[in-house]
Number of protein chains: 2
Amino acid sequence: MDSLKAKQNFRLHLEPYAVFTDSEWELFCNHLEFVSLKKKEYFVEAGKVCQHFGFVHKGSVRYFHVSDGTDITGYFSFENEFMSSYKSFLKQEPAVNYIQTLEDTELILISHKSLQQMLADERLAYKMERFGRLVAEYYLCCYEDRVAAFITQSPEERYLKLLETGRDILQRMPQHYVANFLGITPVSLSRIRRRILA
Amino acid sequence: MDSLKAKQNFRLHLEPYAVFTDSEWELFCNHLEFVSLKKKEYFVEAGKVCQHFGFVHKGSVRYFHVSDGTDITGYFSFENEFMSSYKSFLKQEPAVNYIQTLEDTELILISHKSLQQMLADERLAYKMERFGRLVAEYYLCCYEDRVAAFITQSPEERYLKLLETGRDILQRMPQHYVANFLGITPVSLSRIRRRILA
DNA sequence: TTATTTTCTTATCTTAAGATAACGTTTTCT
DNA sequence: AGAAAACGTTATCTTAAGATAAGAAAATAA
């Protein structure tokens with residue numbers, strides 16, 4: 001991976017959350033790790049502590065749970081989106097889920113240890129606290145919407161909404177992943193699709 | 001309301017998120033508002049911007065959506081818990097939900113304007129950023145669990161889990177509020193309860 | 001206290017989702 | 001290219017949830 005380009009792109013996409021001076025940016029970059037994963041490789045596995053907060057530079061990942069042998073999709077992250085098993089990462093406790101790449105994927109990572117170091121480094125602390133706050137707030141809002149969708153909408157309504165706003169999900173994800181992202185089975189989504197066409 | 005006691009209690013419950021020096025605490029307290037609401041009064045109404053982030057000193061509140069005339073519970077907050085229509089508050093956009101007291105309730109409030117002032121005040125900025133980050137992260141983790149419950153568990157399983165962990169919800173909330181908190185109708189919850197007893 | 005509203009249960013009917021299996025198609029792997 | 005795996009649809013059967021209405025019990029208000 002071209003880590004120079006990746007860094008530039010990362011800096012750009014961080015702007016809503018943190019604008020670094022050049023010297024801050026240099027300190028920050030010392031903590032970044034660049035990792036390329038092949039399709040279907042795991043970034044997080046259930047039972048292990050998620051050690052990194054990540055940014056998808058290229059490719060995409062899927063976050064899913066496994067129960068009774070079937071896997072159930074929680075969400076997806078595409079290019080230029082953050083990705084982590086947040087609870088596991090933040091609390092440094094074993095994850096209850098997996099994160100797996102869906103394609104060959106390039107990630108920029110910040111380890112929990114690095115984050116703590118930056119939060120403890122006077123030169124970066126304030127900016128990192130703010131960065132963390134804004135990222136967490138962003139995801140808080142996303143989750144608020146997602147919970148609202150589950151309690152106020154039927155599966156069919158959730159699918160129709162996804163059709164409107166669906167980002168890359170519908171184009172790039174196999175339908176059975178989309179199905180349990182919506183909280184239903186693949187068979188059920190197939191029926192919903194037919195119902196809508198009729 | 002005894003605002004001195006309320007302040008003390010608030011300071012105690014903020015400790016996981018922010019520990020203030022006495023002088024910081026004094027600055028912080030200048031921004032606090034103390035409000036008593038009667039049962040069934042509204043703290044947030046759909047269509048209006050949520051202006052405050054709140055802490056429940058006494059009593060309890062319910063967060064709910066209204067669609068097609070029926071109301072659907074999103075969550076509850078009890079004594080010593082935070083409460084806000086986060087997305088509306090953070091983005092200062094119209095809320096899509098209501099927040100209503102369930103009993104006579106005493107709240108400690110921070111207005112959006114006050115929060116911005118504190119974030120801009122050199123003497124408090126760092127601590128407030130950190131405070132904001134830790135609160136947002138806390139709720140992020142709660143929401144992560146809540147979404148996981150919707151996609152991995154059946155309504156019955158969610159109810160059984162609530163029986164185990166249910167805080168005050170089951171004791172203090174009417175059952176039809178609990179029902180749509182679980183994403184189902186009151187009638188359906190009643191059936192689940194019967195099924196479990198049998 | 002009486003009247004009214006709220007709350008919970010139960011019953012009926014309709015609708016849709018889950019489980020499972022079969023089949024054809026497409027993709028992936030070697 | 002050929003074999004295997006993954007994917008999407010369809011069908012059947014079972015189960016449970018939604019909609020609606022009615023009635024009893026409890027809480028609240030006048």
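By convention in this document, chain letters (A, B, ...) are assigned in the order of the sequence lines, proteins followed by strands, and residues within each chain are numbered from 1. What you are looking at is a predicted structure, and each value in this text was computed from that prediction instead of being measured.
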Separation of B/Arg191 atom CZ from D/dT20 atom C1', in whole Å? 11 Å
Short side-chain N/O contact from A/Arg193 to OP1 or OP2 of D/dT9, under 4.0 Å: yes
Side chain of B/Thr185, heavy atoms from C-beta onward: which of D/dG8, D/dG18, C/dA17 has the nearest atom to it? D/dG18
Distance check needed: C/dA16 C1' versus B/Ile184 CD1, whole Å only. 16 Å
Distance check: side-chain N/O of B/His176 vs OP1/OP2 of C/dT6, anything under 4.0 Å? no
Look at the side chain of B/Pro174 and decide which nucleotide, out of C/dT7, C/dA17, C/dT28, has an atom nearest to it. C/dT7
In whole angstroms, the gap separating C1' of D/dA27 from CG of B/Leu102 amounts to 15 Å
Please check this pair: side chain of B/Ser88 against backbone of B/Cys50, looking for a donor-acceptor N/O pair closer than 3.5 Å. yes
Whole-Å gap separating P (D/dT15) and CD1 (B/Ile192): 16 Å
Taking the minimum atom-to-atom distance to the side chain of A/Ser190, which one of C/dA17, D/dT9, C/dT12 wins? D/dT9
Is the phosphate of C/dT6 approached by B/Gln175 (side-chain N or O, under 4.0 Å from OP1 or OP2)? no
Whole-Å distance between D/dA16 P and B/Glu156 CD? 7 Å
Rounded distance in Å - CZ (A/Arg172) to P (C/dT27): 17 Å
A/Lys40 vs A/Ser154, nearer the 5' end of DNA chain C by closest nucleotide: A/Ser154
With respect to the side chain of A/Val187, which nucleotide from C/dC8, C/dT12, C/dA19 is positioned closest? C/dA19
Give a yes or no on whether A/Glu15 atom CD has more than 12 heavy-atom contacts from other residues, nucleotides or ligands under 6.0 Å away. yes
Above 12 or not: heavy atoms from other molecules or residues under 6.0 Å from OH of B/Tyr138? no
What's the closest nucleotide to the A/Ser188 side chain, out of C/dA17, D/dA17, D/dT10? C/dA17
Among A/Val61, A/Val56, A/Ile169, which residue meets the side-chain contact (heavy atoms from CB on, under 4.5 Å) test with A/Phe78? A/Ile169
Below 4.0 angstrom from OP1 or OP2 of C/dT9, is there any side-chain N or O of B/Arg195? no
Give the rounded distance in Å between these two atoms: CG of B/Asn180 and C1' of D/dA19. 15 Å
Hey, is the main chain of A/Val19 close enough, under 3.5 Å, to the side chain of A/Lys127 for a donor-acceptor pair? yes
Figure out the CG/P separation between A/Leu182 and C/dA16, and round it to whole Å. 17 Å
